[in-house]
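Below is one structure, written out as structure tokens, with a few remarks after it.
Quick caveat: nothing in here was measured; it's all calculated off a predicted structure. The chains referred to below are lettered A, B, ... by the order of the sequence lines, with proteins before strands, and numbering in each begins at 1. Excluded from the calculations below are hydrogen atoms, water molecules and symmetry mates; all remaining heavy atoms, backbone and side chain alike, are included.
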Amino acid sequence: MTIVEVEGRILRLTNLDKPMWPELNLTKGELLHYFAQMASVVLPHWQDRPMTVVRYPHGVEGPFFYQKNCPSGSPEWIHTFSTGGTNYVLVNDESTLIWMVNQGVIEFHPAEFSAGRPERASYAVIDLDPTHPFGFEAAVEVALQCREILLELGLRGYPKTSGATGVHIYIPLEPQYTFDVTLALAKAVGVMLAKAAPGLVTLERLVKRRQGVYVDYLQNASSRTLVGVYSPRPTPSASVSTPVTWEELTRVHPDEFTVRTLPQRVNAVGDLFAPVLTDRQSLDHLASLLGRS
DNA sequence: GTATGTA
DNA sequence: TACATACAACGCTGC
DNA sequence: GCAGCG
Ligand SMILES: [Mn+2]
Ligand SMILES: [Mn+2]
């Protein structure tokens, strides 16, 4: 056991040599180091967002479980937010982040709203999920189409890899729109994509009938979460959900962005998702499109 | 990974 | 003391 | 009504 001090708080870190990705010999200690390096970039994106996490106490090859409620026995300085009978952790500082990673958390899924305004979405999201044998390249093709459609609608979107084979496009918004509005927007974009690229894009909800890149517009709901930006994934490569520019989207592969490579990249290119925090857009000019659906 | 319940 | 168990569910959709 | 979905 190792005692560290983070932001003046004493943390007991356990099993630092435990392999979280045994195949890569990537330990919990190294994962903690990743988050220590990334904290200043990650925390603004997760601030005040009720957090769902996925824990792998024995590494990615072992069993996992989702966690929404702040567990009993957590430090008293952990901030929480209660809604609908669930007491969520707010990952608002580095000490909370480090404490959670020591608990075996690998995936962080922040809510799409802020605790301060739980009825209003911070962004709409276009979640592109390719089915087998379609892959990341197909998702990218749809993402680029999506960029054009959004621009025609007068909107700017910001892409990131999901860390698996998909792409997430965030459309940051003025915090005044409810989730029925963001759902209507994503659905309208999905319909336009399906029209522009039939055979490649699908809105089929039944997995066994689905073929192509699924536009998962139903992710736009207050009860839904998406893997957060800069969150690791329990993949063989220890990939990370990573913001990319539209220009590089066509020449990257999600497995090149990992727990081991991301700190260097962020030092080089900065936080490409920073605009998601500042470029808050209006949907008022789309009232007729989003009116009723 | 840790708290809690039960034998 | 030892061992088992919990740790998320919500709301919509298509049949 | 209920299974399927993420
Ligand atoms: Mn996805
Ligand atoms: Mn999805």
Side-chain angles (χ1 to χ4, degrees), chain A residues 1-3 11-20 27-29 31-32 35 49-76 78 80-89 96-113 118-119 121 124-132 139 162-168 178-184 186-187 190-191 202-228 231 233-234 241 292-293:
Chain A
M1 186 182 22
T2 303
I3 306 288
L11 289 172
R12 260 151 285 270
L13 303 181
T14 53
N15 298 315
L16 297 183
D17 294 328
K18 167 164 295 197
M20 297 302 279
T27 64
K28 192 163 83 173
L31 184 61
L32 284 160
F35 276 107
R49 300 188 177 282
M51 190 67 82
T52 300
V53 295
V54 190
R55 291 173 61 184
Y56 292 77
H58 308 291
V60 299
E61 291 172 13
F64 66 89
F65 57 91
Y66 280 73
Q67 176 180 291
K68 287 177 182 287
N69 282 286
C70 184
S72 58
S74 60
E76 71 288 346
I78 299 271
T80 63
F81 174 76
S82 284
T83 179
T86 302
N87 189 226
Y88 291 91
V89 172
T96 302
L97 180 61
I98 295 300
W99 177 78
M100 294 204 90
V101 174
N102 182 63
Q103 295 274 93
V105 173
I106 286 184
E107 283 194 334
F108 289 85
H109 297 233
E112 296 166 7
F113 59 87
E119 307 306 320
V125 59
I126 309 297
D127 176 22
L128 302 176
D129 295 335
T131 63
H132 195 74
S162 75
T165 59
V167 174
H168 299 156
T178 52
F179 284 93
D180 50 305
V181 175
T182 56
L183 180 71
K187 185 173 185 175
V191 168
T202 178
L203 299 174
E204 173 61 57
R205 293 215 319 135
L206 243 51
V207 167
K208 60 176 154 89
R209 292 188 202 172
R210 188 185 296 167
Q211 198 184 354
V213 177
Y214 177 53
V215 182
D216 187 6
Y217 62 88
L218 289 169
Q219 281 296 344
N220 294 273
S222 65
S223 61
R224 292 293 184 71
T225 64
L226 222 60
V227 69
S231 172
R233 306 301 304 276
S241 180
R292 276 219 180 272
S293 64

### Message
Quick one, A/Y88 and A/M51 - any side-chain contact, counting heavy atoms below 4.5 Å?
### Response
no
### Task
Side-chain contact test, heavy atoms from C-beta onward, threshold under 4.5 Å: evaluate it for A/K28 versus A/T14 and give yes or no.
yes
### Query
What integer number of Å spans the C1' atoms of C/dG11 and B/dG1?
31 Å
### Query
Can you tell if the side chain of A/T202 reaches within under 4.5 Å of the side chain of A/R209, non-hydrogen atoms only?
no
### Task
Kindly state whether the ring of A/F108 and the ring of A/F35 have centres lying under 6.0 angstrom apart.
yes
### Task
Quick one: pull up CD1 in A/I106 and CZ in A/R55 and give me the separation to the nearest 0.5 Å.
11.5 Å
### Query
Watson-Crick or G-U wobble partner for B/dG5, using a 3.5 Å limit on both distances?
C/dC3
Give each protein N/O atom lying under 3.5 Å from an N/O atom of nucleotides 9-11 of chain C, with the pair distance.
unit_1: C/dA9; atom_1: OP1; unit_2: A/T86; atom_2: OG1; d: 3.4

### Query
Do the non-hydrogen side-chain atoms of A/P234 and A/E107 ever get within less than 4.5 Å of each other?
yes
### Task
Measure the distance from CZ on A/R210 to P on C/dG14 and round it to the nearest whole Å.
12 Å
### Task
State whether A/N102 places a side-chain N or O below 4.0 Å from either non-bridging phosphate oxygen (OP1 or OP2) of B/dG1.
no
### Task
Please check if atom CD in A/Q211 has more than 12 non-hydrogen atoms from other residues, nucleotides or ligands closer than 6.0 Å.
no
### Task
May I ask you to check whether over 12 heavy atoms, not counting those of A/E204, lie within 6.0 Å of atom CD?
yes
### Query
Rounded to whole angstrom units, what separation is found between the CZ atom of A/F65 and the C1' atom of C/dC7?
5 Å
### Message
Tell me every residue that passes side-chain contact (heavy atoms from CB on, under 4.5 Å) with A/E61, counting only those two or more places apart in sequence or in another chain.
### Response
A/P22, A/E23
#### Entry: Covered region of DNA chain D, 5' end to 3' end, by chain A [heavy atoms, under 4.0 Å]
D/dG4 to D/dG6
### Message
Expressed as a whole number of angstroms, how long is the span from A/Y56:OH to C/dA8:P?
### Response
15 Å
### Query
What is the nucleic acid contact for A/D127, judged by heavy atoms within less than 4.0 Å: base, sugar-phosphate only, or nothing?
nothing
### Query
Under 4.0 angstrom, heavy atoms only, what part of the nucleic acid is A/R12 near: base, sugar-phosphate, or nothing?
nothing
### Distance in angstrom units between A/N87 CG and B/dA3 P, rounded
17 Å
